[in-house]
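All values below come from the heavy atoms of this structure, side chains included, with hydrogens, waters and symmetry mates left out. Naming convention: chains lettered A, B, ... in sequence-line order (proteins, then strands); numbering from 1 in each chain.
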Amino acid sequence: MSLHLLEKGYEPKEVERRWYAYWEKEGLFAAEDVSDKEPFSIVIPPPNVTGVLHMGHAHNNTLQDILCRYRRMQGYNVLWMPGTDHAGIATQNVVEKGLAREGKNRHSLGREEFVKRAWQWREEYGGLIIEQLKRLGASCDWDRERFTMDEGLSKAVRTVFVKLYEQGLIYRGDYIINWCPRCRTALSDLEVEHEDHNGHLYYIRYPFEKGKGGIVVATTRPETMLGDAAVAVNPNDKRYGGPEWKTVILPLMNRRIPIIFDEYVDMRFGTGALKITPAHDPHDFEIGLRHNLEPIKVIDEDGRMNEQAGRFQGKDRFECREEVVEALSEEGLLEKVEPYQHSVGHCYRCKTTIEPYLSRQWFVKVKPLAEKAVVAVKTGATRIIPDTWTKTYFEWMNNIKDWCISRQIWWGHRIPAWTCENCGELIVAMERPTVCPACEGSALVQETDVLDTWFSSALWPFSTMGWPDDPQTLKTFYPTSVLVTGFDILFFWVARMMMMGLHFMKEVPFRDVYIHALVRDAEGKKMSKSTGNVIDPLYVIDEFGTDAFRFTLAAFAAQGRDIKLSEKRIQGYRHFINKLWNASRFSLMHLSDFEPDESGQDAQDFSLADRWILSRLNGVVETVTKSLDEYRFNEAASALYQFVWHELCDWYLEIIKPLLYGTVTLSDGTTKMSSPRYVTTRFVLWSALNETLRLLHPFIPFVTEEIWDKLPGTEGSIMKAEFPTTSDARDDREAEEAMEVLTGVVSGIRNIRGEMNVMPSLFVGAAVQSPDKGERELLERHRDMIVNLCRLKSLQVTPPDKRPASSATSVFGNCTIFVSLKGVIDFELEQGRLNKEIAKITKELDGIGKKLSNKDFLQKAPQEVVEKVREKGEGLAEKRNRLEENLGKVSQLAGNS
RNA sequence: AGGCACGUAGCUCAGGGGGAGAGCGCUACCCUGACACGGUAGAAGUCGCGAGUUCAAAUCUCGCCGUGCCUACCA
C-alpha cells in the first residue's frame with residue numbers, strides 16, 4: 001500500500017478540521033495591502049453578533065467564498081473583509097432577557113452598567129457565528145475582523161454624523177415616527193413590517209356645536225379620537241357645508257373642535273369625513289401643520305393612554321379601544337361597525353403593533369444623497385445583478401423619504417450631540433465640548449439616543465478599511481469588486497452604502513452587486529423558528545459534510561429563483577462528493593508511483609479517449625470560468641457535475657481500466673506498463689484529475705485539498721494552485737465527433753442487451769455494418785474498447801451485408817448494429833422493440849416532412865437550417881428503412897418458429 | 001392599489017425562436033478488482049390557458065388564470 005492511497009470512505013469531519021487549521025496557520029486567507037497583483041475585494045455582509053448561522057448566512061457566504069477562492073487561484077490579491085454588526089435592538093433585547101432571568105431590568109441597572117453588560121455579552125458569545133463561518137470553509141482574512149462598534153468604526157460613525165450635520169443633511173425635529181411601545185424606541189419606515197389585519201371600521205357621530213345633528217366619521221382606531229384636533233372634509237364635497245359646519249363637539253371629551261376643509265380627504269371613502277389626530281397619524285400630522293392644529297398626545301411611550309385621555313388614562317391602547325367603543329355606543333353616537341381589512345405595522349424585531357407617534361428625532365435628508373446613488377447605477381458605475389433588481393432599486397430611491405436615525409435604546413453609537421443646559425444651544429461635535437460655544441456655560445448634556453444600527457452598516461465598505469484615516473488598505477481595495485447579498489436588505493443596506501460611499505468616498509462602494517435568492521424549505525416556505533421548518537446548517541454540515549452542502553447551495557443558486565432546500569437534495573450531492581472521492585481513489589491506485597516529469601508532456605500518441613477527455617475538460621474550463629464571471633453559480637456547478645460523473649467516470653475511467661490493469665493487448669503486442677500508451681494515459685489521467693480538482697476547489701474546498709495532497713506531483717495547498725485556463729491545443733472537435741460514434745455504438749449494443757434481457761454476465765457476439773470506410777476503420781481501431789465496454793465475445797465490422805441470424809438490431813448514424821442472441825432471442829420482444837423505435841422515428845419524420853413541403857420555410861429559413869432539417873430527414877428515413885428491413889426478417893422468423 | 005418574479009416529467013428545477021433536458025423518485029437486471037452514496041438499460045411531459053408576431057414559438061408580444069414576493073398614507 002502506498003502513502004498516496006485514499007481511505008475507502010471520505011470522512012469530512014476530520015478532513016475539514018485539519019485543512020481549515022492548516023489554511024489559517026499558513027496565512028492563506030491573508031490579503032496584501034501592497035501588491036503587484038490585481039486587487040479583488042469583498043466586504044462580508046456583517047452578521048449580527050447575536051446571530052447563529054442560518055441558511056441565509058450559509059448560502060450568502062458560500063457564494064462569496066466561491067468567488068474569493070476562484071479569484072485567488074486566478075492570481076488576484078483577494079481581500080475578503082469579515083466582521084460583525086452590533087445589532088442595536090436585537091442585542092439589547094438579548095441582554096435584557098438575560099437580566100430578566102436575574103429578576104433585573106435595564107433601568108434598575110442604569111445605562112452605564114447595562115452597556116457594560118452588553119459588551120460582556122458580546123465578548124462571551126459574539127464570536128460564535130465567526131466560528132460557524134469557519135466551519136463553512138469561509139476564507140476571510142480573519143486578522144482584519146471588524147465590529148461596528150470598534151473604536152475605528154465608531155470614529156467613522158461620528159465623523160459622518162458631524163459632517164452630514166454640518167452640511168445640513170442631518171437635522172432634528174418633531175415628526176410622526178414609528179414607535180415600538182415594547183422596545184420603547186423609534187423605528188425607520190423600513191423596520192416596520194406591514195401585515196393585513198381583520199379589523200373594524202367604526203362610524204362615529206360628532207354632534208355639531210350649534211344646530212342639530214352632526215357629522216359621521218369613519219375610523220379603524222377609535223381610541224385615537226381622544227386626541228382629535230379637527231374633522232376634515234373635502235372642500236369640493238357638495239354634501240357638506242352650511243352654517244352649522246363650523247365646530248363639532250368631540251364626544252367623550254366634550255371638547256370643541258373645528259371642521260376644516262382639505263383636499264387630502266377622499267370623498268368616496270367612508271362618509272367623506274375624516275377625524276384628524278395630528279399626534280398619532282402621519283397624514284393627520286401633515287394636515288395639522290397645514291391648518292395650525294395643536295397635536296394632542298393621548299398615548300404614552302408604553303402604549304398606554306396618558307393624562308390627556310381623560311377617564312381612560314392608564315388603560316392599554318387596545319383595551320381603551322373597546323371601552324371607547326362601548327362608551328360611544330352608550331351615548332348613541334356609534335352609528336355602525338363594519339368588518340374591515342387593513343394593513344397594520346409591526347416591529348420587525350418583536351412584532352408589536354407599531355404606534356405612529358409624535359416625537360423629537362434625528363433624521364437624514366436622503367434625497368440629495370439618493371440622487372447620486374441613482375446616477376451611479378444608471379451610468380453603470382455599479383451594476384446590479386440580476387438586472388431585474390435595478391428597477392426596484394430606482395423605484396425605491398426615487399420615492400425615498402427622510403430616514404429616522406435616532407433610537408431610544410442604549411446599545412449603539414450614542415449621538416454626538418450636546419445641549420447646553422444654560423442657553424439651550426445644540427452642539428454637534430466629534431468629542432464632548434468643554435464649554436458651550438454660545439454662552440460658555442459648562443453644563444452640557446449629551447443626547448441620550450443612539451443611532452440606527454444601519455447607520456454604521458452604511459459605512460461598512462470604507463469604515464472597515466480604516467476611513468476616515470487614509471490607509472493603504474483603502475487605496476488598494478476600495479471600491480470593492482462585488483457585494484454579495486440577499487434582496488431582503490437591498491434598501492436597508494445596499495442603497496444606504498451606495499449613498500454614503502458616494503458622498504464620502506466620491507466613488508461607488510462596489511462595482512457589482514450580486515443579489516441572490518432566499519433559501520426556503522422544501523415546500524417553498526420561508527424558514528422560521530416559529531414555523532419550525534428551519535434546517536440548521538451546522539446539522540447539515542455534521543450530517544453530510546461541508547462540501548456536499550456547499551455544492552448543493554451552488555447548484556441551486558440559479559439567478560432570480562428561491563432555493564427550496566431539503567435534506568434529500570443535499571444527500572444527492574453527498575453522493576457526488578463520494579463519487580469524486582472514489583474516482584480519485586481509483587486514479588491514485590494507478591498513479592501512486594507517477595512522477596509528472598516521467599510524463600508524456602510531449603507524448604505523441606494520445607489515444608482517442610485521451611484527446612476526447614482533454615477536449616471535454618477544456619470545454620468545462622470554459623464553461624466554469626464564464627459562468628463564475630457572470631455569477632451563474634448553478635451553471636458552473638452543473639457543468640462540473642456532468643463532466644466528473646458522466647464523462648470522466650462513466651466513460652474515460654471505464655475506457656482506460658483494461659489498460660491500467662494490464663489486461664489488454666496493446667497494438668505493439670505488449671501488455672507491459674512501460675509501453676508508451678500506458679505512460680501517456682497515466683499522464684492524461686493525472687492531468688485531468690489535477691485540473692478537475694482545481695476547477696472544483698472553489699466549490700468544495702476540503703475534499704479537493706485532501707485529494708490534492710495525496711496526488712503525486714503537486715506541491716503546497718491547492719489554494720495556491722493556478723485556476724485552469726482554456727487551451728486551443730486541447731480543443732479537439734475531431735476527437736469529440738469520433739467519440740460520439742463510438743459511444744453511440746456502445747450505447748446501441750447496451751440498449752439491445754438491456755431491452756432483450758441479456759444477463760450482464762453473458763458475453764455475446766456483435767456485428768456493426770457501416771457503408772462508411774472511415775467509420776469502419778474507426779471502429780476497428782477501437783474494437784477493444786467496444787468489446788470491453790459491451791462485454792462482447794466477438795465483434796465483426798463490415799460494410800452493409802447480410803443480417804446475422806438470430807440477432808437483435810439497433811441503428812446509430814450510419815451504423816447498423818446486430819447483437820447475436822442465438823438461442824436466447826425472443827422474436828416477439830424484438831418485434832415490439834423495433835416497432836416502438838419505428839413509430840418514434842415515423843412521428844419525427846412526419847414533422848420534418850411537413851416542414852420540407854412548406855414553401856415559405858424553404859424560402860425564408862436560413863439555408864443551413866433547411867439543409868440541417870433535410871439531412872436529418874434523410875438520416876431518419878434511412879434509419880427507418882434499415883429497421884423495417886430487420887423487422888420484416890424477424891417477423892418471418894417469428895412466424896416460422 | 002402598484003410593481004416584480006414564477007407556472008416545463010410524479011417531485012425539485014435548468015434551458016430560452018429551428019432536434020423537449022438534468023437531479024431525485026419510479027421499473028428491470030446486476031455486489032464486474034474506485035464507488036450499492038454504485039453500474040447498465042427503461043418508462044414518463046399539449047413546456048398553465050387563449051390570441052398575436054414569424055416560414056418556424058416551450059422560447060418573443062399581449063390578454064387571462066394560478067402562485068409567491070416586494071412596495072403603498074385612503075381613514
What's the [atom1]-[atom2] distance between [X] and [N], to the nearest Å?
X: Leu845(A); N: G19(B); atom1: CG; atom2: P; result: 14 Å
X: Asn399(A); N: A1(B); atom1: CG; atom2: C1'; result: 14 Å
X: Ile384(A); N: C4(B); atom1: CD1; atom2: C1'; result: 14 Å
X: Arg791(A); N: U32(B); atom1: CZ; atom2: C1'; result: 6 Å

Checking all strands, does [X] fall into the base, sugar-phosphate, or nothing category for heavy-atom contacts under 4.0 angstrom?
X: Thr219(A); value: sugar-phosphate
X: Glu654(A); value: base
X: Gln571(A); value: nothing
X: Lys851(A); value: sugar-phosphate
X: Gly199(A); value: nothing
X: Pro760(A); value: sugar-phosphate
X: Val265(A); value: base
X: Arg750(A); value: sugar-phosphate
X: His280(A); value: nothing
X: Lys850(A); value: nothing

Integer angstrom distance from the [atom1] of [N] to that of [M]:
N: A20(B); M: G68(B); atom1: P; answer: 33 Å
N: U54(B); M: G42(B); atom1: C1'; answer: 38 Å
N: G63(B); M: C6(B); atom1: P; answer: 16 Å
N: C4(B); M: U61(B); atom1: P; answer: 12 Å
N: C69(B); M: U27(B); atom1: C1'; answer: 40 Å
N: A43(B); M: G48(B); atom1: P; answer: 24 Å
N: G39(B); M: G15(B); atom1: P; answer: 26 Å
N: G25(B); M: U12(B); atom1: P; answer: 15 Å

For this session: For Glu11(A), look at atom CD and say whether over 12 heavy atoms of other residues, nucleotides or ligands are found less than 6.0 Å away.
Result: no

Problem set entry | Heavy atoms of other groups near Arg239(A) CZ, more than 12 under 6.0 Å | yes

Listed nucleotide nearest any side-chain atom of [X], set [options]:
X: Tyr641(A); options: G23(B), A41(B), C37(B); value: G23(B)
X: Asp650(A); options: A5(B), C35(B), U40(B); value: U40(B)
X: Met759(A); options: U12(B), C35(B), C30(B); value: C30(B)
X: Phe487(A); options: A75(B), C69(B), C35(B); value: C69(B)
X: Asp266(A); options: C73(B), A75(B), A14(B); value: A75(B)
X: Phe556(A); options: A41(B), C35(B), U12(B); value: U12(B)
X: Pro862(A); options: G23(B), C55(B), A75(B); value: C55(B)

Think [X] has a side-chain N or O under 4.0 angstrom from the OP1 or OP2 of [N]?
X: Lys657(A); N: U32(B); value: no
X: Asn751(A); N: G42(B); value: yes
X: His575(A); N: G38(B); value: yes
X: Tyr340(A); N: A75(B); value: yes
X: Trp645(A); N: G39(B); value: yes
X: Lys391(A); N: C4(B); value: yes

Quick check: do [X] and [Y] have side-chain heavy atoms less than 4.5 Å from each other?
X: Tyr203(A); Y: Leu334(A); value: no
X: Asp262(A); Y: Ile276(A); value: no
X: Glu191(A); Y: Phe492(A); value: yes

Problem set entry | Spacing of CZ belonging to Phe699(A) relative to CZ belonging to Phe576(A), to within rounding of 0.5 Å | 10.0 Å

Exercise. Does a distance-only test, which skips hydrogens and angles, find a donor-acceptor pair under 3.5 Å between the side chain of Tyr264(A) and the base of C74(B)?
Worked result: no

For this session: Would you kindly check whether a donor in the side chain of Lys579(A) faces an acceptor in the base of C35(B), or vice versa, at under 3.5 angstrom?
Result: yes

Before accepting this row, confirm whether a basic side-chain N of the pair [X]/[Y] lies closer than 4.0 Å to the acidic partner's carboxylate O.
X: Lys836(A); Y: Glu755(A); result: yes
X: Glu286(A); Y: Arg290(A); result: no
X: Glu543(A); Y: Arg574(A); result: no

Exercise. Side chain of Trp651(A), backbone of Ile613(A): donor and acceptor closer than 3.5 Å?
Worked result: no

For this session: Ignoring hydrogens and angles, tell me if any N or O in the side chain of Glu654(A) forms a donor-acceptor pair with the backbone of Asn788(A) under 3.5 Å.
Result: no

Problem set entry | Nearest-nucleotide 5' precedence on RNA chain B, Thr388(A) against Glu755(A) | Thr388(A)

Problem set entry | Upstream residue (5' side of RNA chain B) when Lys275(A) and Leu858(A) are each assigned their closest nucleotide | Leu858(A)

Exercise. Should the pair Lys579(A) and Tyr641(A) be classed as cation-pi, given the thresholds of under 6.0 Å to the six-membered ring centre and 45° from the axis?
Worked result: no

For this session: Name every residue in residues 863-872 of chain A that has at least one heavy atom under 4.0 Å from any atom of RNA chain B, in order of residue number, or write none if there are no such residues.
Result: Val865(A), Lys872(A)

Seminar exercise, completed: In short, Ala808(A) meets Arg833(A) closest at the heavy-atom pair CB-NH1, 3.9 Å

Exercise. Using a 3.5 Å cut-off on both pairing distances, which stems of three or more Watson-Crick or G-U pairs include RNA chain B?
Worked result: B:1-7 with B:65-71, B:10-13 with B:21-24, B:26-30 with B:38-42, B:48-52 with B:60-64

